[in-house]
Amino acid sequence: MRREASVLHLDLDAFFAAVEQRDKPSLRGRPVVVGGVGGRGVVATASYEARAFGARSAMSTAEARRRCPSGTAFLGGRFAAYRATSDVVMSLLRELSPLVEPASLDEAYVDLAADEGHDLSVEGVTEIGRRLKERIAAATGGVTGSVGIGTSKLMAKIGSDLQKPDGLVVVPPGRELEVLHPLPVTRLGGVGPATAERLHQIGVKTVGDLAAKSLPDLVALAGRAHGAGLFALARAEDDRAVVPDRGVKSVSHEETFERDLTDLDVLGREIDSMAARVAKRLQASAFSGRTVTLKLRRYDFTTLTRSQTLPHSTDDSRTIATTARRLLVEAGTQGGLRLLGVGVSGLSVYAQGDLFAEDLLGEADPAPEATAEEAPEAVPEVELPVERRWWPGQDVRHEELGAGWVWGRGLGRVTVRFEGPRTAPGPVRTLAADDPLLTPADPPDWSQAGGGPLQEDR
């Protein structure tokens, strides 16, 4: 274990939604939900204004619509904009240390001890964190991040989550258990919903409760490797190194069951849950993959895997689940299964438009209501080919009206708000969806912000 708090963890706040609010001034201070916009879509990120109404990541978009008030913006993802902002942030982190480990587009670990010029006292690393947050906000046009600094990856990540959004927490050496033990056990990375439920059944609700359990008890509950891992984490024992530029080969999730399972319906629901988690991690890390793998451990501890390579890369939970369910039927459940796992490999970085792509070609969403002064003129309905469909949040340019973004769609029309990151909230216009003057556009240039949050051009 380190003697200094020299591991920094950065977690950008509600990242996708924050980028949307930066680029779309009319959305600043309003609830914003980013994700699949069709009837079967899933929330990728909700702004803090939307979270106040109960919207959260991995929730169905339909449920988020029920919870959020009218006026909430539901947008599809713009991967190019998120990647550009992430690249700026990661370059700032690499100025702090040669050892930077990105965990996703909006999250990374930094080993401050790898740069001999840093003051690693509590006061010194606190100042490093403060300056980093200021530089990120200036370089990204106002996107904020929460920073945690501690003696390990575990404590740094715990710290970054304690005062979100825009937080800074340094966990001094020797005070790890004081910070860790009062927290819910679900704050530990190895505790998912199934493990949490088993722990709750034996009275373990906080990390302190977990630390009071013996190693044999936890091994019996969660298996040898997982139980030993929980035992160590509850004592803040984490010696994992910060590993830069690690090559991720696959993303997977597995569950060990309390009793052997044979029911295909029950196992199918387990697959659906694991596929959703795998898909969420793929999307957060900006990957998609072609090969779906199902791992099975039978009642007699024999382990086997079954895989299928798809024609195209995917990060869609339904595609992953459907493929894994088919592999399960082929493998069979004879004698019962004590472990099941779902994984995706053959990873590649998203091509632009892959993010939430299935929903973007789904059913049309009604255009948001315009205010009286923004009420558009009626536009005749037209039959719009699928390849020309617009999606909420998409960057566009009109040859006469300029740059903007899709505010709503449906019934052969597209509603566009014409504004950008350096303008005041702009006017709304509704056009024919096949308007030849309207074309998709690259994300707007927010990099001329002058060193701070973007302001209205004067």
Side-chain angles (χ1 to χ4, degrees), residues 7-35 43-53 55-57 72-73 75 77-79 81-96 100 102-110 112 125-150 156-171 284-286 393 420-422 425 443-456:
V7 179
L8 181 148
H9 181 259
L10 170 70
D11 191 359
L12 298 174
D13 301 317
F15 179 52
F16 293 174
V19 171
E20 298 298 341
Q21 290 175 319
R22 177 197 67 195
D23 291 350
K24 301 173 171 64
S26 61
L27 300 185
R28 295 171 192 168
R30 289 178 50 188
V32 174
V33 176
V34 180
V43 174
T45 304
S47 70
Y48 284 92
E49 296 88 350
R51 294 181 193 188
F53 296 98
R56 53 179 172 78
S57 298
T72 299
L75 308 176
R78 296 184 304 136
F79 176 70
Y82 310 146
R83 168 61 75 185
T85 304
S86 176
D87 287 346
V88 169
V89 173
M90 295 302 166
S91 68
L92 292 177
L93 296 182
R94 292 185 177 96
E95 292 180 16
L96 283 180
V100 175
S104 63
L105 282 177
D106 60 347
E107 182 182 357
Y109 294 94
V110 182
L112 299 175
V125 296
T126 300
E127 180 62 15
I128 290 172
R130 185 191 65 79
R131 290 200 310 267
L132 174 65
K133 283 161 47 65
E134 289 178 351
R135 294 188 69 195
I136 288 172
T140 62
V143 174
T144 64
S146 294
V147 171
I149 305 175
K157 185 171 177 63
I158 290 289
S160 69
D161 195 47
L162 287 178
Q163 294 183 4
K164 290 182 77 65
D166 201 19
L168 170 59
V169 174
V170 176
V171 181
S285 301
R422 292 172 56 80
D445 181 10
W446 47 266
S447 62
Q448 307 300 319
L454 296 173
Q455 304 294 327
E456 175 185 344

Least distance between heavy atoms, [X] atom then [Y] atom:
X      : Y      : value
Leu92  : Ala139 : CD1-CB, 4.0 Å
Arg94  : Pro102 : NH2-CG, 3.9 Å
Ala81  : Pro443 : N-CG, 3.8 Å
Glu107 : His9   : OE2-NE2, 2.8 Å
Pro444 : Pro421 : CB-CD, 3.5 Å
Ser146 : Gly167 : OG-N, 3.1 Å

**Prompt:** Hey, mind stepping through Asp13 and Asp166 against side chain to side chain contact (heavy atoms under 4.5 Å, CB included) and telling me if it holds?
**Reply:** CA-CA 7 Å; Asp13 301 317; Asp166 201 19; 4.1 Å; yes
**OP:** Could you go through the side chain to side chain contact (heavy atoms under 4.5 Å, CB included) check for Lys24 and Val32 one step at a time?
**Re:** CA-CA 11 Å; Lys24 301 173 171 64; Val32 174; over 6 Å; no
With sequence neighbours left out, the residues meeting side-chain contact (heavy atoms from CB on, under 4.5 Å) with Thr45 are Ala14, Phe16, Ala17, Arg51
Check: Where do Val34 and Glu20 land on the side chain to side chain contact (heavy atoms under 4.5 Å, CB included) test, with the steps shown first?
Finding: CA-CA 9 Å; Val34 180; Glu20 298 298 341; 3.9 Å; yes
Check your understanding: Is the cationic atom of Arg22 (NZ for Lys, CZ for Arg) positioned less than 6.0 Å from the six-membered ring centroid of Trp446 and within 45 degrees of its normal?
Key ->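 Because its charged atom sits under 6.0 Å from the ring centre and within 45° of the axis, Arg22 does stack over Trp446.
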For this session: List the steps and the verdict of salt bridge (charged side-chain N to carboxylate O under 4.0 Å, His left out) for Asp23 and Arg78.
Result: CA-CA 11 Å; Asp23 291 350; Arg78 296 184 304 136; 2.7 Å; yes
Only one of Thr140, Thr85, Val89, Val19 passes side-chain contact (heavy atoms from CB on, under 4.5 Å) with Leu12, and that residue is Val89
Side-chain contact test, heavy atoms from C-beta onward, threshold under 4.5 Å: evaluate it for [X] versus [Y] and give yes or no.
X      : Y      : value
Leu168 : Gln163 : no
Tyr109 : Val100 : no
Val33  : Thr72  : yes
Val110 : Val7   : no

Under the rule for salt bridge (Lys or Arg N to Asp or Glu O under 4.0 Å), what residues qualify as partners of Arg135, not counting sequence neighbours?
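Arg135 satisfies salt bridge (Lys or Arg N to Asp or Glu O under 4.0 Å) with Glu95 once adjacent residues are dropped.
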Applying salt bridge (Lys or Arg N to Asp or Glu O under 4.0 Å) to Arg130 and not counting sequence neighbours gives Glu127, Glu134
**Study point:** Donor + acceptor pair across side chains of Ser160, Asp11 (<3.5 Å)
**Key:** no
Whether the side chain of Gln21 engages the backbone of Arg30 through a donor-acceptor N/O pair (distance < 3.5 Å, no angle test) should be reported.
yes
- request: Taking Ser86 for its side chain and Leu105 for its backbone only, find out whether a donor-acceptor pair lies under 3.5 Å.
  value: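 Yes.
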For side chain to side chain contact (heavy atoms under 4.5 Å, CB included), just list the numbers for Ile158 and Val171, CA-CA rounded to whole Å, side-chain angles, deciding distance to a tenth of an Å, and then say yes or no.
CA-CA 9 Å; Ile158 290 289; Val171 181; 5.9 Å; no
Practice item. Report the distance from atom CD1 of Ile128 to atom CG of Leu8, rounding to the nearest 0.5 Å. Key: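 Reported value, rounded in 0.5 Å steps: 8.0 Å.
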d(Arg131 CZ, Thr126 OG1) to nearest 0.5 Å is 11.0 Å
- Basic-acidic side-chain contact under 4.0 Å: Arg83, Asp87: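 Salt bridge: yes.
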